[in-house]
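What follows is a short report on a single structure.
Naming: A, B, ... by sequence-line order, numbering from 1 per chain. Since this is a predicted model, take the numbers as computed values, not measurements.
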2 protein chains.
Amino acid sequence: MGQQPRTSAAKGASGADQVARVAGIKDVARQAGVSVGTVSNVINRPEAVLPETRSRVLAAIEELGYVRSESARQLRAGRSRIMALLVLDMGNPFFVDVARGAERAAREAGLGVMVCNSGQSPAEEAEYLGLFAEQRVCGVLVTPADATGRNLEAFSRHHIPFVLVDRVASSPGHCAVSVDDVRGGSLAVGHLLTAGHRSVAYVSGTGDLHQIRDRREGALSALDRAGLGPEALVEIPSDRLDVAAGRDAGARLLGLVPRPTAVFCANDLLALGVLQSLYAAGVRVPQDIAIVGYDDIEFAAAAAVPLTSVRQPAVVMGRMAAELLLQEADDEDGTHEHRSVVLQPELVVRASSTTPH
Amino acid sequence: MGQQPRTSAAKGASGADQVARVAGIKDVARQAGVSVGTVSNVINRPEAVLPETRSRVLAAIEELGYVRSESARQLRAGRSRIMALLVLDMGNPFFVDVARGAERAAREAGLGVMVCNSGQSPAEEAEYLGLFAEQRVCGVLVTPADATGRNLEAFSRHHIPFVLVDRVASSPGHCAVSVDDVRGGSLAVGHLLTAGHRSVAYVSGTGDLHQIRDRREGALSALDRAGLGPEALVEIPSDRLDVAAGRDAGARLLGLVPRPTAVFCANDLLALGVLQSLYAAGVRVPQDIAIVGYDDIEFAAAAAVPLTSVRQPAVVMGRMAAELLLQEADDEDGTHEHRSVVLQPELVVRASSTTPH
DNA sequence: CATCGTTGGTGAATCGATTCATTACTGATT
DNA sequence: AATCAGTAATGAATCGATTCACCAACGATG
């Protein structure tokens with residue numbers, strides 16, 4: 001086994017008989033002395049083949065190191081056994097959890113998952129969607145990067161099912177799984193108001209994202225309930241949603257006059273960045289400024305000051321989205337009903353927003 | 001455009017003429033009044049077609065919404081235009097960075113990347129490798145989950161190139177990109193010894209991973225240089241390498257007598273978990289126990305006590321690995337020389353290991 | 001005018017697995 | 001003995017893009 005001349009096998013057709021590139025189903029059939037149809041049956045419907053024949057075929061498969069070609073299956077089937085997941089940013093542990101949930105559900109169904117980052121760029125998103133169409137993926141889970149929905153509208157002509165993740169359905173042509181972001185924003189800001197704050201900064205994204213807008217709306221509604229007008233929400237926009245952007249936002253927050261006594265961040269990465277900035281400037285959290293984040297990623301609890309955050313059921317969301325997609329993809333007779341599932345967020349209070357004693 | 005009866009097109013063959021499932025190259029050829037070969041040329045060698053013909057074909061493509069099928073291309077080409085990346089844990093930001101680097105390099109070459117988690121399980125790893133073989137991916141970047149190398153040995157019979165990531169080459173049959181973990185461990189523990197510690201705990205993984213063993217070896221060599229024996233390193237093994245495992249390890253650390261005054265963690269996730277445990281138990285860091293982590297993930301700096309850590313050039317590693325793989329995959333004439341690249345880590349000192357004043 | 005080269009285009013063969021109508025055979029039933 | 005049912009296996013057609021040997025048309029050249 002270890003002594004065979006591997007090098008010669010690895011090179012091109014320089015040797016005796018063709019070097020048998022990669023064994024195909026025909027090679028197996030020849031080796032086992034059966035037809036290709038039988039080999040296919042052994043692989044896909046073993047019970048339809050006599051045990052004796054079956055084992056002969058399996059032996060041939062083993063001997064030749066045969067691995068069936070997915071491309072050929074796909075070509076015949078018209079679509080691949082891969083599900084695509086397009087998220088905004090894999091650097092955000094929230095999306096890693098979504099991916100985990102989706103992957104688990106997909107694996108149970110025998111599918112692979114191709115995870116991609118749009119990086120919040122509609123152009124990147126469009127490019128990836130094009131790639132998915134070429135790949136004839138069996139479906140796409142997507143957290144849309146552009147609010148216009150133009151990319152997805154264009155994509156829908158390919159008749160590949162897709163499910164929106166972390167976003168409510170914008171049209172009746174697909175399923176969606178989301179978390180009630182309005183409620184999440186309301187929980188976060190309501191909590192701050194209860195703690196006595198009367199002016200809250202909102203560190204947000206560009207506003208292209210529904211999540212961001214909804215959280216803002218929830219924040220405003222909480223203010224409204226407390227008898228405060230929208231001017232009590234001081235917006236600090238930020239083009240990206242990562243820790244570095246949070247640091248920038250923190251610096252800008254420090255420059256505001258009057259300085260808000262509380263800040264609500266559109267996600268935990270921003271919150272961690274803001275926290276770093278405040279910390280570096282000697283501003284105490286929560287005494288001087290209280291912080292509430294969003295997503296409750298694992299690192300929120302480990303922060304310099306453990307972060308109060310709005311927890312989202314990320315893994316569940318990924319799993320549900322994948323399951324909805326599978327339902328739709330398996331639907332032969334057009335009985336599939338598009339569904340829009342909305343999950344509920346939960347406030348997790350930690351030190352960053354609770355005045356000590 | 002918005003008025004066409006989309007529903008009828010979406011359903012099965014209930015209407016007039018076959019519903020034209022998905023337009024193929026033949027449909028385009030017919031529509032444009034040319035042969036399939038010409039359509040193929042328009043797509044792949046546009047300069048070889050008269051501008052007039054070309055635009056007619058492009059118009060047909062546009063009109064039919066034609067998207068070429070990757071499966072068919074792959075079948076013909078023998079391999080896909082997708083590179084696989086199999087990491088230990090996408091929940092670890094370190095691997096997210098590796099993925100980022102790899103993805104960037106792959107995209108530049110027009111390839112897609114399929115990112116998968118082995119979760120440190122050799123069985124999962126084997127399953128994924130099997131999937132990759134079926135997919136006929138053009139290559140695999142892998143951080144091996146089993147130290148025996150059995151999975152990869154089995155995989156090598158498929159003649160699909162692979163590059164080891166974060167691991168030195170174990171055999172001459174492939175490229176590898178790694179970081180000098182011995183040196184990293186040595187830097188970390190050397191730093192602790194310089195700060196006056198004489199007994200260091202090492203929170204490690206199961207020992208199946210080379211990274212873990214090498215970091216340990218580096219730690220021992222640092223002890224040796226300081227005239228201390230291996231008994232000065234108190235090992236706290238842990239089956240996984242995430243924050244939860246770190247919390248467990250922290251609890252065990254607290255139970256040790258005599259209690260080490262410093263702890264070196266095999267990665268930052270463990271370190272963050274340990275930190276949480278110590279913090280919860282009222283043990284001060286670094287006054288009572290100093291902590292050094294590994295990887296210098298973004299969240300290390302944001303921790304309750306900012307973590308001293310050993311930084312690895314993760315993005316660079318991912319990119320280099322992908323580039324090596326592409327070189328090997330594009331290599332027709334067997335001139336490819338397998339290379340093993342070793343990158344250098346760097347110690348980043350923060351509050352978790354420096355005695356105040 | 002015949003020959004050659006070039007350019008633009010053709011269409012059949014190919015990749016490998018699946019599917020399905022067909023055949024070969026074995027027992028059982030009438 | 002003839003018919004039928006059922007099982008096991010066959011092999012040709014199919015999916016869609018690529019490739020390549022070949023062809024037609026045209027201008028240039030001897």
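Geometrically, A:R107 engages B:Y128 in a cation-pi contact defined by less than 6.0 Å to the ring centre and at most 45° from the axis.
Within a 6.0 Å radius of CD in A:E337, other residues, nucleotides and ligands contribute 12 heavy atoms or fewer. With a 6.0 Å radius and a threshold of 12 heavy atoms from other residues, nucleotides or ligands, A:R339 has its CZ atom at or below the threshold.
Across all strands shown, B:R79 has no heavy atoms under 4.0 Å from either base or sugar-phosphate atoms.
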Using atom types as modelled, flag every donor-acceptor pair under 3.5 Å from a side chain in residues 78-87 of chain B to any protein atom, sequence neighbours excluded.
unit_1 : atom_1 : unit_2 : atom_2 : d
B:R79  : NH2    : B:A329 : O      : 3.0
B:S80  : OG     : B:I82  : N      : 3.1
B:R81  : NH2    : B:G110 : O      : 3.2

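With values rounded to the nearest 0.5 angstrom, A:R76 atom CZ is found 15.0 Å from A:S71 atom OG.
Between the CD atom of B:Q74 and the P atom of D:dT18 there is a distance of 12 Å, rounded to whole Å.
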- Query: Reading nucleotides 6-16 of chain D 5' to 3', which nucleotides get B (base under 4.0 Å from a protein heavy atom), which S (sugar-phosphate only), which -?
  - Reply: --SSBBB-BBB

